[in-house]
Every structure is written in structure tokens, then in C-alpha cells.
Protein chains: 2
Amino acid sequence: MKQKSITIYDIAKEAGVSSATVSRVIARNYPVSAKTRKKVLDLIDKYDYQPNAVARSLTKKETKMIGFVLPDITNPFFSQVFIEAEKYALTKGYTLILCNSMNTSEMESKYLKILSERQVEGIILMGGRINKKLPDAVEVSEVSQVLDKLPVMMINGKIDGLHCHSVRTDEAKGMELAVNHLVRQGHKKIGLIGGVNGITTTDIKVEAYRNLLLKYDLTFRDSWQIYSGFDVQTGEEAIDKLLMLNKDKLPTALIGINDLVIMGALKACRRKRIKPFDFVGFDNTDLAKNSSPEITSVSHPYSQLGEKAIDLLINASKSSNESKDILLDPYLEVRESCSITKL
Amino acid sequence: MKQKSITIYDIAKEAGVSSATVSRVIARNYPVSAKTRKKVLDLIDKYDYQPNAVARSLTKKETKMIGFVLPDITNPFFSQVFIEAEKYALTKGYTLILCNSMNTSEMESKYLKILSERQVEGIILMGGRINKKLPDAVEVSEVSQVLDKLPVMMINGKIDGLHCHSVRTDEAKGMELAVNHLVRQGHKKIGLIGGVNGITTTDIKVEAYRNLLLKYDLTFRDSWQIYSGFDVQTGEEAIDKLLMLNKDKLPTALIGINDLVIMGALKACRRKRIKPFDFVGFDNTDLAKNSSPEITSVSHPYSQLGEKAIDLLINASKSSNESKDILLDPYLEVRESCSITKL
DNA sequence: TTTAAATATGAAATCGGTTTCTATAAAATT
DNA sequence: AATTTTATAGAAACCGATTTCATATTTAAA
């Protein structure tokens, strides 16, 4: 195990050529005589020679690595974007380094530093805590030493005061898909649950939600729009809060800030043994597909999100320093949750 | 953007010392006078100097990187192990490189090659296709050039003919937890759904299941043990098959090869509007916690799995070439699914 | 046939660190 | 005061590739 691995010099020596020539054979972008090429290729094959990517990175000053920092890969929303990005990056010869910040700012800063030291060529950031109006937000200044040196791509987020590119799902449009769908099902009382005031994606959705109620001339009640969080428990609690209202003051349909809160809402309805509301979630994660009832959900264009992020980042390294922002269209994945009343 | 980054020489020059001295200050394992140290540290601070990990890797012949190849990070079983491994690796100064093989053998081979070129110090393999008795299995010989050179750690799996370490959950013991639990609930007719004949983890569970039925003196019927797969659809189909039996020949409780098939079973029960069976799943993923009803599930000792894998791998690089196999105990996470009859 | 252009290859510098070996200065010992 | 230790720091080699520059050999053009 772990025998000394062979280098380009070993190959060169046995082939009776210089390392430069072997390098040229490998890069195959430079003329080498057919005879020499064959001799070298045969030896590469014979010894299973693999060029050392670390050494190559050092000389070429390119690592072909991209850092991908997100709060938690266990969350299917993030993992789906990651997987699409990874798939696409591979076709472009890049390797992603995934970093789970566990939603803590220390981890986030730490990983940014590690990635920078490892000479990644760019960083993709999702759902981070940088410059958020949150208790343990990361100050931009803290990480700017890192982020200023590297092309940065934010997915579904934007940091004020930081020069970076972004790719986002048009969540206002997503909200329109959701509301429109429910309205067409005949709903006139639509609530919105989950999210945290001050988080961009929440704010966008909430604003769109209110505007749409106006547009469709639907009643809005403060008690129908419940901030809480992003997890299952959040959804359960939201239902509990709603049920404190008079029965005739309840909404008939609920939009969730994501699928998880809808899962929670479903649990609460089951626990309380009430006929569930009609639901529409956001993110279209596997959860929505696998739960029973299945959940109708506004889907991110996952593959586009991943691909555009990689593409822009790769080109960003080359091109000028204007920052690009791309807005992508969501779509609605209609499932049974809106006909749950049939149960 | 992307200004030329400063090197150890820049620091050395401005401090009026040699690069060796700066290196020593950074490594702080070698005597440097207090005066010199301060001068250097001040400059490092002034310029936000970060050592280039690529260059360091080249000289030290250690990258502090470990490859982690799994089929699909979207699957919470894998992502939970990964996240624990990552967390622990970080404390040891290692970075993980996650590779999603998408369950294809080409990707698996490709990633192994990439990881090897990138000089990872070890590879963790989960749920791969190497040497499986499957249509598109990877021949060991194909990847042995890579795997023979590096310490390899398998999590919940073992490859014949490949020298590697392994960490596994004792799934026979897990099955015992499941059966025992159901028996204590008064069940005498217990079925098993999901899995694929020939896959190690399935085989272990099936064998344990049969032995346990004997041990508890319970009836076994062929029709109660349904091979199918590992996903939600699999679970749905299993219920469909079961329902073709006479009502008095149905089991009263079902054990799922994982949580997903139980999710599927729940969906099918709901669709067929039948009072569900009692269920116990495997893996204790978030799914089990978030679904309604919640699913009782046999849990892997996730953090141990991840930590042991990293620990053994790190020490393996150093120590002899005997391979270690570690078996860890699962535990049962009791949730409501076993009292679903209350619904 | 002579000269110019194209092809094929090697020598050596380089990337940014670490480490060994050596030299000097300072401290401790005799 | 002379000698031995010890602390400090530099010079230079090295890790394994790539690439520039120069050179030798062919081939094409004049």
C-alpha cells in the first residue's frame, strides 16, 4: 500500500525523452512526433501514470476547484441545487468542494478561509449568514478579504456591499403561480405560513403575496400571515395559531414558505383531526413528492440554477468585473394536496 | 478583483528575513526569536497573508483532503453520514470532497480517478457499485489501480477482493430491535418490504428477519417478504401486492428496508383508504421524523459512523496495512407509526 | 543548392511553499 | 578566557508538473 507514485520524470527517463516532452504528450496541444508520442503513451499506460493535479495546479495557477458553501446539505432544497451544479461542473472539468456551515457564522467564515487557502477558483454561496440582519450574522468586512479576491456567486440571495454575481429564482413569480392556482381552485381566503421577517427570500414572497391578494381582490388578514421559521415544527405551530381563530375566520388554503412547513401543517392537521386546508408549498423537494398527501409545490428550476451558477462563475474568472444577476422562472408542480378535501 | 496574491517571499522580503524563517513562524514548531516572530506576524496580519495550500501540499506530500463517494447526497441516509464525517474531519484539519456517483458505475470510476489525481489521502465509499452482483457493476480490477494506492474506507458495505477498512451498522441487531418492538406491541404477523436480493444490506436484514421469526416462533409467509427496491414507489407497490392476499392472511405489521419504502406504504394505505399497518422503518432519516404519521425507525449511529470512518482512515494512512472492520450498534427511535391504529 | 520556415525536443526557470544542512551569534560551561 | 552548547536564521534543494526560450533537425521555398 501507498508505494511511491511515479512521476512525469520516471516516464520521461524510461522513454528517453525530457519531462517537457511527456508533458506535451499529455496536454496534446503541441506537436510531438508520432513515434515519441506512442513511446510515451505506452509507458503511461504500462505504469498507470496519473499526472499529479496538485503540482499541475501550482504551475498553472488553476485548481479547477470551486467552493460551495451552504447551511446544510441535509436540506433537500440545497442538495438538489448542489447536485445539479456538481453534475454540470464535472462536464466543465471542475470539482466542487462542499462545505456545510451548519448555519453558523463561525463555520461559514472558517470554510471561506479554508477554501481560499486551497486556491479555489470561485465560491458559490447559498443561504449564508453574511450581512444578514440576524443575531449572529457575519460582517461583510470579516470575510471580505476572502470574498474580494475571488469570484463569488450567490444562489438565491444577495449581499449588500459585496461585489458578486447572483442567480435567483423569481420568487415573486413563484408566489403568483401559487396564488393563481389556489384562486382557480375557488379559494378566496388564502394564508401564508413560515419564513422569517428580514430574510430576503421571505420578504420577497411576503410582499408578492400581499400584492397578489390585492390584485385578485382577496381579503387579507394579519392573522393569516404567520412568520415563524423554516422547519416542520414551524408549520405545526402555525396551524395551532390559526386554530385559535374563530372557525369562520379561518383561511381555506395555505401557502407555505417551503415544503417543510407544509409537512408540519399536515402533521398538525392530522394530530388535531381536522380536515386539512388546501396547501401549496415552495421548493418542490422530494419531501413534497414523497409525503402523503403529496404536496403541490412551486419548484425552483434546479438544473438551471446549478448550471448558470457554474457557468457565470467560470466565465467571471475570465471576464471583466461587472457583476451579473440572473433571474430564473419557477414552475408549479401540481400534486394532490389541493384536492385533499376528498379524503 | 483577482489581484496577484502575496506569497511567503513577499512577507520574507519586507521583514528582511528568509522564506524559511517565515515558514517557521507559521508552522511554529521551531525556535524563532520573539523579535523576528513579531515582525513577521505583523506583516502577515497587515497583508492578510494566507499560505497557499496547493504549494504546501506539493512539498509536504499531504493534501489533507479525503474523497467521499456516494450515490446521491439527496438521499438523507447518505447526507447524514456525510455531514457527520465532514464535521469531524474539519476538527482534524481535513477537508472532504464529496462525489455523487448518481448510482452509475461510470461516474464512480471517473470520480475515483479524479480524486486520485487530486492526491486525496484516502477515500470513503458508500453504497457503490463496485463488485456488486448488479448489471452495471464496476469490476474491481477497473478501479484497483486507484484503490490499491490509497487507504479505502467502506461505510456499510464490503468489497470482496479489495483490501479496505470498513465501518458498518450492525443491521442484524437493528432488525432485532424492530422485530422485538413489534412483538412487544402484540404483533404476530410481521412482513418485510423493500430491498434487492443480492445487495449486502438487504441480505443481512432478510436473513436476520427470518431467523428472528423463528426465534420468536412467529409465522413466516413468502408473500409477506417482498423484494422490490429502495424508493417510495417500491413501498406503494408492496402494499398493492399485499392487498391481493385474503384479508385474514395479511400481516398486521410491516418492517421497511428503509424509511422511503414506508413512506410509500403510507401513501398506498391512504390511497386505498385502508387502516394502515403498523410500521417500522430503517435509517431514521428526517423523512421518518417529518412525515405524518411519524415513522418509528431503526437508526444508524450516524455520528459514530462518520467519525470512525474518518478516524480509521487517517490512522490507516500511517499505520500498517491490516484492515480493520468496525461494527456499530443501531438504536430504535420510537415514534407514532406503531400506534397509528388510533387514527 | 542555398536559405527560410516549420517541426520536434531539451534545458532551465518557475509556481510557493518546506526542510535539511550549515553558519553565525549568543549563552552556558569549564 | 577558551570551549562547548544552544538558539537563530539563511542558502539551497526539493516537491511534480508547465512553459519559455533556444537549438537541432527537417521540410519547403527561392
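Every chain is numbered from 1 and lettered A, B, ... according to where its sequence line falls, protein lines coming before strand lines.
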- Note on the structure: Per-nucleotide protein contact along nucleotides 13-23 of chain D, 5' to 3', at a 4.0 Å heavy-atom cut-off (B base, S sugar-phosphate only, - neither), is -BBBBBBBB--
- Message: Between Lys46(B) and Asp42(B), does any side-chain N to carboxylate O distance fall below 4.0 Å?
- Response: no
- Is Thr63(B) reaching over with its side chain to a backbone N or O of Gln119(B), donor-acceptor style, under 3.5 angstrom? yes
- Report the distance from atom CZ of Arg28(B) to atom C1' of dA9(D), rounded to the nearest whole Å. 19 Å
- Message: Between Asn156(B) and Gly127(B) (side chain of the first, backbone of the second, donor and acceptor by atom type, cut-off under 3.5 Å), is there such a pair?
- Response: no
- Taking Asn100(A) for the side chain and Met102(A) for the main chain, is one N or O donor matched with an acceptor at less than 3.5 Å? no
- OP1 or OP2 of dT7(C) sitting under 4.0 Å from any side-chain N/O of Ser33(A)? no
- So, do Tyr88(B) and Asp311(B) sit near enough that their side-chain heavy atoms are less than 4.5 Å apart? yes
- Near DNA chain C, which residues from residues 34-42 of chain B have a heavy atom under 4.0 Å away? none
- Once you build an axis from the first five pairs and another from the last five of the helix from dT1(C)-dA30(D) to dT30(C)-dA1(D), how far apart in angle are they, to 10 degrees? 40°
- Task: Take Glu117(A) and Arg56(B), measure what salt bridge (Lys or Arg N to Asp or Glu O under 4.0 Å) needs, and give me the verdict at the end.
- Result: CA-CA 10 Å; Glu117(A) 284 181 356; Arg56(B) 173 181 290 159; 5.2 Å; no
- State whether the side chain of Ser109(B) and the backbone N or O of Ser105(B) hold a donor-acceptor pair below 3.5 Å, judged by distance alone. yes
- Answer whether the closest heavy-atom distance between the side chains of Ile124(B) and Ile310(B) falls below 4.5 Å. yes
- Query: Less than 4.5 Å apart, any side-chain heavy atom of Tyr94(A) and any of Glu121(A)?
  - Reply: yes
- Output yes when a side-chain donor or acceptor of Ser57(B) lies under 3.5 Å from a complementary backbone atom of Glu62(B), and no otherwise. yes
